[in-house]
Student: 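Sharing a structure, written as structure tokens. Questions coming.
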Amino acid sequence: AALSGDVNFTGGLPKQTRLAQLGLMTLADTPEVAVEFIRSDAPPAGLEGLAIPAVASAIGNAVFSATGQRRWRLPLR
């Protein structure tokens, strides 16, 4: 969502009619992800994607810190 996947509309209908037309990242485009499990005495809990919504905001803040320009719309281009 932060870098691709924007939808354009004409007459209230999306121009992109297929998922492949959205320019979404593929598995080959993603960076390497390292997962580390840490021993704990806490009760078991699932691994979740709670950080995912914050990623676009973090990238936007990094762009602002580096350039001084705020980006208010996704994708950040």
Side-chain angles (χ1 to χ4, degrees):
L3 303 176
S4 62
D6 55 331
V7 178
N8 301 303
F9 293 87
T10 301
L13 297 172
K15 288 183 181 180
Q16 295 83 1
T17 58
R18 304 177 129 215
L19 193 58
Q21 294 172 324
L22 292 177
L24 298 172
M25 291 178 68
T26 64
L27 189 56
D29 299 326
T30 59
E32 181 178 334
V33 177
V35 177
E36 185 175 331
F37 293 96
I38 300 171
R39 289 192 187 277
S40 172
D41 293 330
L47 299 175
E48 299 182 27
L50 295 176
I52 292 172
V55 171
S57 300
I59 294 171
N61 286 336
V63 169
F64 176 70
S65 293
T67 67
Q69 296 179 347
R70 279 274 181 220
R71 305 292 177 155
W72 296 103
R73 294 180 182 260
L74 295 178
L76 300 169
R77 292 191 186 170

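Side chains included, hydrogens not; waters and symmetry mates left out as well; all remaining heavy atoms used.
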Student: Is it true that L27 and L19 fall in one hydrophobic cluster, defined by side-chain heavy atoms closer than 4.5 Å?
Tutor: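 Shared cluster, no.
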Student: Looking only at the side chains, is there a donor atom on one of N61 and R70 sitting less than 3.5 Å from an acceptor on the other?
Tutor: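 Side-chain D/A pair, N61 to R70: present.
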Student: For the residue pair G5 and L24, what are the closest heavy atoms and their distance?
Tutor: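 Of all heavy-atom pairs spanning G5 and L24, the closest is CA-CD2, 3.5 Å.
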Student: Using the rule that two of Ile, Leu, Val, Met, Phe, Trp, Tyr join whenever any of their side-chain heavy atoms come within less than 4.5 Å, decide whether M25 and L22 are in one cluster.
Tutor: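 Looking at the clustering, L22 is in a separate group from M25.
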Student: Please report the interatomic distance OG(S57) to CG(L74), rounded to the nearest 0.5 Å.
Tutor: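 Between atom OG of S57 and atom CG of L74 there are 8.0 Å.
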Student: So which heavy atom on L76 is nearest to which on A56, and how close?
Tutor: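 Here L76 and A56 meet closest at CD1-O, 3.8 Å.
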Student: For residues S40 and A42, report the shortest heavy-atom separation together with the two atoms involved.
Tutor: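 Answer, listing the atom of S40 first, then A42: OG-N, 3.0 Å.
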Student: I need the F9 CZ to K15 NZ distance, nearest 0.5 Å.
Tutor: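 That separation rounds to 11.0 Å.
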